[in-house]
Chemist: 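Pasting in a structure now, in structure tokens, and then I'll have a few things to ask.
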Amino acid sequence: QVQLVESGGGLVQAGGSLRLSCAASGRTFSTYYMGWFRQAPGKEREFVAAISWNGASTLYADSMKGRFTISRVNAKNTVSLQMNSLKPEDTAVYYCTMARSSTNLREAHGMDYWGKGTLVTVSS
């Protein structure tokens, strides 16, 4: 059993920055991948970024255009997403995820665990 809890969402003006965090608890694994998906109203769930258990490998959606950075925070069970130069189109519920396999990291069905999500609203 794995629980994922996001934090850091909120309201920010366009061009601003926000940092999200995700803490994982419960069962631990030797190898895993943590990351973020997002979903805006009326849109399908979209891959944002992922990171390997050791923090050595990262993966980003092309649409993020280098504005977002995923990183491991101290322990392997915590991950952050630094979001810079935010745009109104970044407004969405951001979900923390965990996958046991590196297969389909860019697709929602490849995820094994999901957090409840945290809302990010970018105003213009």
Side-chain angles (χ1 to χ4, degrees):
Q1 299 180 8
V2 174
Q3 296 80 43
L4 304 175
V5 180
E6 305 95 336
S7 62
L11 176 64
V12 64
Q13 291 187 332
S17 298
L18 206 61
R19 181 176 179 270
L20 306 181
S21 295
C22 175
S25 62
R27 184 177 179 181
T28 59
F29 304 98
S30 297
T31 60
Y32 59 92
Y33 307 85
M34 294 185 67
W36 297 89
F37 279 72
R38 70 184 186 184
Q39 187 167 27
K43 298 183 179 179
E44 66 182 43
R45 198 159 292 187
E46 176 187 28
F47 171 75
V48 176
I51 189 168
S52 61
W53 72 98
N54 57 10
S57 300
T58 58
L59 185 66
Y60 296 93
D62 292 338
S63 60
M64 303 308 145
K65 300 180 180 179
R67 297 179 296 117
F68 293 3
T69 302
I70 189 171
S71 61
R72 184 171 64 90
V73 181
N74 294 326
K76 295 188 295 183
N77 63 343
T78 305
V79 67
S80 68
L81 182 69
Q82 179 66 43
M83 305 184 293
N84 299 324
S85 301
L86 285 165
K87 307 172 182 179
E89 48 264 47
D90 293 318
T91 295
V93 175
Y94 284 71
Y95 297 91
C96 180
T97 65
M98 179 183 288
R100 292 299 316 282
S101 172
S102 61
T103 304
N104 302 128
L105 285 179
R106 294 179 180 270
E107 301 174 10
H109 67 79
M111 303 298 104
D112 296 303
Y113 304 97
W114 293 80
K116 294 178 61 178
T118 185
L119 178 62
V120 173
T121 302
V122 184
S123 63
S124 61

Chemist: Can you name the side chain to side chain contact (heavy atoms under 4.5 Å, CB included) partners of Thr69, sequence neighbours left out?
Modeler: Tyr60, Gln82
Chemist: Stepwise, does the side-chain contact (heavy atoms from CB on, under 4.5 Å) test hold for Arg67 with Lys87?
Modeler: CA-CA 10 Å; Arg67 297 179 296 117; Lys87 307 172 182 179; 3.9 Å; yes
Chemist: Given Asn77 and Thr28, is the side-chain contact (heavy atoms from CB on, under 4.5 Å) satisfied, shown in steps?
Modeler: CA-CA 8 Å; Asn77 63 343; Thr28 59; over 6 Å; no
Chemist: Residues two or more places apart in sequence or in another chain: which of them pass side chain to side chain contact (heavy atoms under 4.5 Å, CB included) with Ser71?
Modeler: Ser80
Chemist: Could I get the full list of side chain to side chain donor-acceptor pair (under 3.5 Å) partners for Ser52, not counting sequence neighbours?
Modeler: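 Here the qualifying residues are Asn54.
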Chemist: Taking only residues two or more places apart in sequence or in another chain, which ones pass side chain to side chain donor-acceptor pair (under 3.5 Å) with Ser7?
Modeler: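 Here no residue qualifies.
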Chemist: In a table with atom names and distances, give each donor-acceptor pair under 3.5 Å that connects a side chain of residues 117-124 to protein atoms at least two apart or in another chain.
Modeler:
{"residue": "Thr118", "atom": "OG1", "partner": "Gly9", "partner atom": "N", "Å": "3.3"}

Chemist: Sequence neighbours excluded, which residues qualify as ring pair (Phe, Tyr, Trp, His ring centres under 6.0 Å) partners of Tyr33?
Modeler: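 Trp53.
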Chemist: Pairs in or reaching into residues 96-123: which pass salt bridge (Lys or Arg N to Asp or Glu O under 4.0 Å), with residues at least two apart or in two chains?
Modeler: none
Chemist: Give the intermediate values and the outcome of side-chain contact (heavy atoms from CB on, under 4.5 Å) for residues Phe47 and Leu59.
Modeler: CA-CA 10 Å; Phe47 171 75; Leu59 185 66; 4.0 Å; yes
Chemist: Nearest 0.5 Å, what's the OH-OG distance between Tyr32 and Ser102?
Modeler: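 Between Tyr32 OH and Ser102 OG, I get 15.0 Å after rounding to 0.5 Å.
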Chemist: Name all pairs fulfilling the disulfide bond (SG atoms under 2.5 Å apart) condition that reach into residues 35-70, sequence neighbours left out, sorted by first residue then second.
Modeler: none
Chemist: Is there a path of hydrophobic side-chain contacts, each under 4.5 Å between heavy atoms of I, L, V, M, F, W or Y residues, that connects Trp114 with Phe29?
Modeler: yes
Chemist: By the side-chain hydrogen bond (donor to acceptor under 3.5 Å, both in side chains) test, which pairs, at least two apart or in different chains, include something from residues 36-51?
Modeler: Arg38-Glu46, Arg38-Asp90, Arg38-Tyr94, Gln39-Arg45, Glu46-Ser63
Chemist: Using the side-chain contact (heavy atoms from CB on, under 4.5 Å) rule, take Met64 and Val48 through it: C-alpha gap first, then chi angles, then the decisive distance, then the call.
Modeler: CA-CA 7 Å; Met64 303 308 145; Val48 176; 4.1 Å; yes
Chemist: Answer whether the closest heavy-atom distance between the side chains of Met34 and Leu4 falls below 4.5 Å.
Modeler: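 With C-beta onward as the side chain, the pair touches.
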Chemist: State, with a plain yes or no, whether a side-chain heavy atom of Arg72 is found less than 4.5 Å away from one of Thr78.
Modeler: no
Chemist: Sequence neighbours excluded, which residues qualify as side chain to side chain donor-acceptor pair (under 3.5 Å) partners of Ser101?
Modeler: Thr103
Chemist: Does anything in residues 15-58 form a disulfide bond (SG atoms under 2.5 Å apart)? List the pairs, not counting sequence neighbours.
Modeler: Cys22-Cys96
Chemist: Just list the side-chain donor-acceptor pairs under 3.5 Å for residues 12-21, sequence neighbours left out, or say none.
Modeler:
{"residue": "Ser17", "atom": "OG", "partner": "Asn84", "partner atom": "OD1", "Å": "2.9"}
{"residue": "Arg19", "atom": "NH1", "partner": "Ser21", "partner atom": "OG", "Å": "3.3"}

Chemist: Taking the six-membered ring for Trp and the single ring otherwise, decide whether the centroids of Tyr95 and Phe37 are under 6.0 Å apart.
Modeler: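 Tyr95 vs Phe37: aromatic centres not under 6.0 Å.
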Chemist: Would you say the side chain of Met83 lies within less than 4.5 Å of the side chain of Leu81, judging by non-hydrogen atoms?
Modeler: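 When only atoms from C-beta onward are counted, Met83 and Leu81 do touch, with a gap below 4.5 Å.
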Chemist: Return the minimal non-hydrogen interatomic distance between Val73 and Val79, and the atom names on each side.
Modeler: CG2-C, 4.1 Å
